[in-house]
Amino acid sequence: MGDITIADVERAVRAAAGTVLSNQQYFSDLDGVAGDGDFGASLAAGFRVVDKDFDTLDKSSIGAFLLKISMIITRNVGGCSGPIWGTGFMRAAMLSKEKTSISLAELEQMLTAAVDGIQQRGGAQLGDKTLLDALIPVRDTVKAHAEGGADGATALKACAEAAEEAIERTKHLEAKRGRQSFTGERSIGSLDPGIVAIATILGDICTEFGVSRASKAA
Amino acid sequence: MGDITIADVERAVRAAAGTVLSNQQYFSDLDGVAGDGDFGASLAAGFRVVDKDFDTLDKSSIGAFLLKISMIITRNVGGCSGPIWGTGFMRAAMLSKEKTSISLAELEQMLTAAVDGIQQRGGAQLGDKTLLDALIPVRDTVKAHAEGGADGATALKACAEAAEEAIERTKHLEAKRGRQSFTGERSIGSLDPGIVAIATILGDICTEFGVSRASKAA
Amino acid sequence: MKKFVNDPDNFVAEMLEGVYLANQDKLKLVPEFNLIHRADRPANDKVSIIQGSGSGHEPAHIMAVGPGMLDAAAPGAVFAAPPVDYCYECIKAMRSDKGVLVLINNYQGDRMNWDMAVEMAEAEGIKVKAFIIDDDVAVQDSTHTVGRRGVAGNFFVIKACGAAAERGASIEELLALCEKVNGQVRTMGVALTSCTPPVKGTPIFEIGEDEMEVGVGIHGEPGRRRDKIKPADAIVDEMFDAVAHDLPFKTGDRVALMINGLGGTPVSELYVLYRRAAERCKEAGLTIARNYVGEYCTSLEMAGASLTLLRLDKELEELLAAPAEIPIRVF
Amino acid sequence: MKKFVNDPDNFVAEMLEGVYLANQDKLKLVPEFNLIHRADRPANDKVSIIQGSGSGHEPAHIMAVGPGMLDAAAPGAVFAAPPVDYCYECIKAMRSDKGVLVLINNYQGDRMNWDMAVEMAEAEGIKVKAFIIDDDVAVQDSTHTVGRRGVAGNFFVIKACGAAAERGASIEELLALCEKVNGQVRTMGVALTSCTPPVKGTPIFEIGEDEMEVGVGIHGEPGRRRDKIKPADAIVDEMFDAVAHDLPFKTGDRVALMINGLGGTPVSELYVLYRRAAERCKEAGLTIARNYVGEYCTSLEMAGASLTLLRLDKELEELLAAPAEIPIRVF
Ligand SMILES: Nc1ncnc2c1ncn2[C@@H]1O[C@H](COP(=O)(O)OP(=O)(O)O)[C@@H](O)[C@H]1O
Ligand SMILES: Nc1ncnc2c1ncn2[C@@H]1O[C@H](COP(=O)(O)OP(=O)(O)O)[C@@H](O)[C@H]1O
Ligand SMILES: [Mg+2]
Ligand SMILES: [Mg+2]
Ligand SMILES: [Mg+2]
Ligand SMILES: [Mg+2]
């Protein structure tokens with residue numbers, strides 16, 4: 001059965017933490033091009049705690065676990081990333097209370113809730129050159145695979161590719177949110193660090209689960 | 001006869017002004033090594049006025065002329081150079097009141113008065129790595145040539161060489177006066193800008209009077 | 001990195017400790033939340049005024065905490081808005097019957113974190129209101145973007161509200177005052193060099209030896225354009241025109257003129273800029289009722305300056321002149 | 001050159017004009033002699049206190065002119081002592097029946113120019129006395145040299161004398177006060193970068209990206225040694241030890257502690273330094289009765305800082321706390 005277990009979620013989150021910590025400088029440098037160069041450090045401030053406290057985190061359910069992640073990020077991450085990522089994990093947690101495994105269809109609902117929450121929080125739309133330009137296609141990919149009854153590995157691979165594509169697709173766009181938006185047209189041609197982060201994380205999760213695909217962005 | 005006329009003094013001073021103005025950057029750079037890098041600019045602030053007002057300066061006598069130069073320098077040159085050079089010209093002027101020409105012997109007395117005045121003003125001794133280490137040998141050279149009855153050109157050439165030699169001779173010394181003295185041992189090995197200035201000026205005066213000798217320092 | 005720093009991750013914490021140690025009689029420090037507040041506040045008969053943005057803009061805002069100015073500040077990491085918890089704890093610590101006024105510079109990160117914190121505080125029945133400052137004319141407003149940035153002009157909002165609050169103004173009166181000041185203050189900045197956040201360890205942007213960034217943001221965000229460095233007067237002229245034409249300021253206006261250093265520019269140069277700015281005010285028929293030359297809102301060690309004009313009326317002139325006491329002293 | 005400057009030759013003149021334009025109600029400017037003086041001074045019932053050294057150390061000394069501080073300042077070009085005429089005209093302009101006190105930082109150029117000016121003034125029957133300040137412990141004293149340099153410690157001589165003069169102290173009493181302050185104040189500085197005088201247009205010395213100059217002079221003169229940049233605390237420790245052991249300061253002493261920025265270092269870093277300096281004072285049993293963190297005596301845009309300790313007694317503590325008003329304001 002293609003269900004995702006709490007163990008899978010834990011591995012995925014831990015892999016994400018690894019991605020953020022090992023790419024801190026790279027993410028900050030990307031943010032320095034059109035933003036203020038703190039993205040990597042901000043995000044790392046949160047995931048460093050996730051990594052450190054990982055073993056002691058409440059893992060009674062997927063929802064309980066993701067709620068903890070959300071709180072750690074909200075508490076430790078400043079800038080735009082704290083509210084954005086904290087809200088995303090929070091909303092996903094709300095839909096997975098008590099659950100110890102979820103289907104692709106349920107994952108799709110969690111991602112939709114996260115996307116909605118992030119949009120309410122920051123008011124960004126698809127095409128504003130924010131991590132939503134990676135997250136929304138990823139959500140759509142999960143939806144398609146859920147309907148097609150695909151297994152988790154296939155879906156994960158497709159998600160990583162969808163996020164990866166978002167990097168180049170949005171490169172020519174003008175940032176409309178966050179600090180990069182202040183650079184207006186000058187943000188055109190630069191990679192959005194949030195999108196790169198999502199793609200890099202998904203690439204590393206693929207590696208973690210032995211899904212044949214190495215992230216290009218890392 | 002080996003007498004030096006007021007016309008000679010005027011030409012020499014004007015040549016000196018030219019030297020200072022064309023070497024401003026070079027002199028400041030030398031001062032930057034162990035000092036504070038303002039020597040060229042400070043001196044130029046005075047000689048620029050000398051050069052500008054030259055035609056209107058009182059030339060009724062050598063003393064009157066040198067007094068004016070002294071006043072212009074005192075008025076416009078800050079740092080150590082104002083008092084040092086101003087005092088030097090002032091003292092030389094005192095001994096050439098009413099005179100429209102001077103002998104080498106009289107020049108020697110004027111230089112001695114200048115050296116004494118500078119020593120009273122700044123308390124430097126021979127070997128303290130200041131322009132006195134050039135000025136005193138120059139004075140001695142004039143004395144020797146005056147006693148030997150040499151002509152002006154020969155004396156001038158010898159003076160330029162004496163000043164030139166002072167540059168290398170004092171290079172290994174430790175500065176004891178002015179800002180360079182604060183660098184203590186670290187001033188060892190650096191050229192003293194004041195000494196280089198005296199040598200460069202005398203070299204250019206040689207050129208001005210067609211005395212076969214090009215300044216090495218310029 | 002040409003900085004006095006120990007472990008870069010401790011830079012902000014150690015700076016805050018330094019500010020506290022230098023002002024133990026007047027300030028309190030809560031390290032867990034980067035919170036610096038007046039030792040004698042909150043008080044229920046005065047609205048508490050707080051601000052928290054990224055660090056690296058000192059003296060803004062932790063060194064602006066004191067009688068007649070802010071009651072508290074809770075900065076985030078260098079150039080990063082404070083996490084929600086810092087904001088929330090700051091509001092809670094300054095809780096007052098008359099309310100808590102949060103002054104926010106218009107950056108998405110600051111807004112989102114403070115929004116969440118304000119929601120949490122309100123949920124607990126704390127009376128709290130937020131005001132967004134956006135005085136930077138460099139980046140043009142647009143419905144798509146978050147709008148203008150808040151920069152050095154925030155000083156005037158803080159000073160006016162700080163003075164009014166000491167006199168017992170209500171939170172509604174203070175919000176009206178914020179509207180008034182923010183509506184009449186305009187700023188534009190120019191950077192000659194980049195700056196290096198301690199943790200990042202490298203300059204935030206590259207800039208040539210002969211280049212300047214016109215309209216730079218206080219986090220090193222690019223501005224209107226990159227250009228060759230021009231004479232000081234020409235730079236002032238561009239900043240002055242951008243600022244004066246934006247409101248616009250008109251003949252007869254009484255104004256406050258601020259030449260703000262961005263951190264690495266010595267005060268001697270700021271007065272060279274002031275000289276020209278004062279000339280331009282005179283030509284434009286603006287009377288400089290009060291001037292400010294120094295560092296009010298910086299970008300670490302960035303060499304550069306911003307020019308701010310605030311249109312005054314009797315009330316504002318009087319509030320700006322009111323006494324205040326902050327950690328930054330000149331003697 | 002990363003500077004706001006028009007014609008470099010006019011840099012000082014334009015800065016002075018800026019200071020004047022920003023303080024027309026309080027100051028007068030005599031451009032021919034770079035002279036800035038209190039509009040309401042001289043007065044025959046108060047000793048006039050003046051200082052003039054090279055420019056480039058702002059706020060020292062032109063921005064220290066005002067009630068409770070200096071009556072006038074006559075700076076020279078950047079880093080060059082003022083010409084005799086500037087000094088002489090400054091003394092003459094501040095002539096007072098109670099006398100004129102000239103505060104001179106111990107540099108040969110400053111001394112020679114002021115000496116000549118004092119002679120000229122005395123010849124005209126003006127009552128004038130000079131005092132030489134030499135608080136820098138970086139360069140060791142020696143009979144051969146001119147002795148120690150005068151650096152940030154001059155602030156305390158100015159402040160103490162300025163306060164005492166306002167209360168009618170005689171010039172003899174002020175000279176005794178100078179002796180006392182100068183005898184108990186010690187300073188040491190460290191530079192992380194060089195600086196560029198506008199006219200010179202190039203850095204005054206070369207220094208590697210990872211190097212610092214320990215014991216640097218405020219004109220970029222080399223100090224004790226060139227070293228690799230160390231953590232902030234280690235740098236403070238070296239400055240503190242050099243300063244504290246020199247007097248020496250002893251357990252039980254009440255002191256004023258100053259962390260002075262050299263121009264290009266942001267105040268955030270100065271507080272990181274202050275934090276450690278305060279720790280060291282505590283360990284050494286010194287009570288910090290008053291602290292100063294900011295820019296008091298700079299070297300253009302040099303990144304760096306100096307640490308100054310002044311031993312206090314009741315009289316000094318009281319004089320330092322006395323009111324003053326200078327062009328530099330924080331609100
Ligand atoms: N309103 C928003 N909605 C969604 N994502 C956003 C928004 N604003 C910024 N982001 C994402 O956050 C990233 C920047 O994060 P960070 O550097 O922490 O923010 P800041 O701009 O406060 O420095 C951007 O690359 C973008 O992908
Ligand atoms: N006491 C002194 N007597 C004679 N010459 C001196 C004395 N002090 C300095 N000088 C000369 O002046 C030069 C430095 O001049 P300048 O740079 O104008 O002085 P400052 O040290 O004030 O910057 C030195 O190279 C030295 O030759
Ligand atoms: Mg950022
Ligand atoms: Mg010099
Ligand atoms: Mg940020
Ligand atoms: Mg000098």
Side-chain angles (χ1 to χ4, degrees), chain B residues 24-25 27-29 31-46 48-49 70-87 90 117-118 120-125 127-130 173-187 190, chain D residues 8-9 33-34 52-56 75-88 107-116 136 138-140 142-149 194-206 215 217-226 299:
Chain B
Q24 172 171 347
Q25 187 68 50
F27 289 169
S28 282
D29 291 346
D31 190 34
V33 176
D36 61 357
D38 64 354
F39 178 63
S42 291
L43 216 52
R48 191 173 298 114
V49 179
S70 160
M71 285 166 63
I72 292 175
I73 288 173
T74 307
R75 172 152 296 155
N76 298 285
V77 180
C80 282
S81 296
I84 296 296
W85 293 62
T87 300
M90 166 83 66
I118 291 171
Q120 285 157 23
R121 176 62 56 203
Q125 303 303 323
D128 282 357
K129 198 169 185 175
T130 72
L173 295 180
E174 179 176 333
K176 304 282 189 197
R177 294 284 155 185
R179 292 211 202 287
Q180 3 291 114
S181 67
F182 291 117
T183 71
E185 297 177 347
R186 291 174 55 166
S187 62
S190 69
Chain D
D9 287 321
F33 305 111
N34 284 5
S53 58
S55 289
V78 170
F79 291 171
V84 175
D85 275 32
Y86 292 19
C87 305
Y88 169 69
Y107 297 98
Q108 183 120 37
D110 298 79
R111 290 182 64 157
M112 289 192 291
N113 284 283
W114 281 105
D115 285 355
M116 289 173 79
D136 188 348
V139 288
Q140 292 316 312
S142 127
T143 50
H144 294 89
T145 70
V146 203
R148 293 175 162 188
R149 304 176 292 214
S194 184
C195 62
T196 299
V199 173
K200 187 166 185 288
T202 55
I204 216 152
F205 59 84
E206 294 305 320
I218 55 173
H219 308 89
E221 307 97 328
R224 289 181 170 187
R225 68 171 198 286
R226 187 63 61 92
S299 298

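Letters A, B, ... mirror the listed sequences (proteins, then strands); counts begin at 1.
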Can you sort out the partners of N76(B) under side-chain hydrogen bond (donor to acceptor under 3.5 Å, both in side chains), two or more places apart, ordered by chain and number?
none

Would you indicate whether the side-chain heavy atoms of P83(B) and N113(D) approach each other to under 4.5 Å?
yes

Heavy-atom distances under 4.5 Å only: say whether R224(D) touches chain B with side chain, backbone, both or neither.
backbone

P222(D) to A34(B) - nearest heavy-atom pair and separation:
CD-O, 4.1 Å

Atom CZ of R75(B) with >12 non-hydrogen neighbours under 6.0 angstrom:
no

side-chain hydrogen bond (donor to acceptor under 3.5 Å, both in side chains) involving S299(D) - partner list, sequence neighbours excluded
none

Can you tell me how far the CG atom of D38(B) sits from the NE2 atom of H219(D), to the nearest 0.5 Å?
8.5 Å

Quick one: of G82(B), G40(B), G86(B), G122(B), who has the most non-hydrogen atom pairs under 4.5 Å with chain D?
G122(B)

Roughly how far, to the nearest 0.5 Å, is CZ of R121(B) from CD of Q108(D)?
10.5 Å

Find out whether M116(D) and T87(B) are in side-chain contact, i.e. whether some heavy atom of one side chain is under 4.5 Å from a heavy atom of the other.
yes

Go through the atoms of D110(D) and report whether side chain, backbone, both or neither lie under 4.5 Å from a heavy atom of chain B.
side chain

Under a 4.5 Å heavy-atom cut-off, does chain D meet the side chain of S81(B), its backbone, both or neither?
neither

Applying a strict 4.5 Å limit to non-hydrogen atoms, the region of Q24(B) in contact with chain D is side chain

Any donor and acceptor pair, going by atom type alone, linking the side chain of D36(B) with main-chain N or O of G220(D) inside 3.5 Å?
no

Heavy-atom distances under 4.5 Å only: say whether Y88(D) touches chain B with side chain, backbone, both or neither.
neither

So which part of S53(D) gets closer than 4.5 Å to some heavy atom of chain B, the side chain, the backbone, both or neither?
neither

Shortest non-hydrogen contact between G109(D) and C80(B), atoms and distance:
N-SG, 3.3 Å

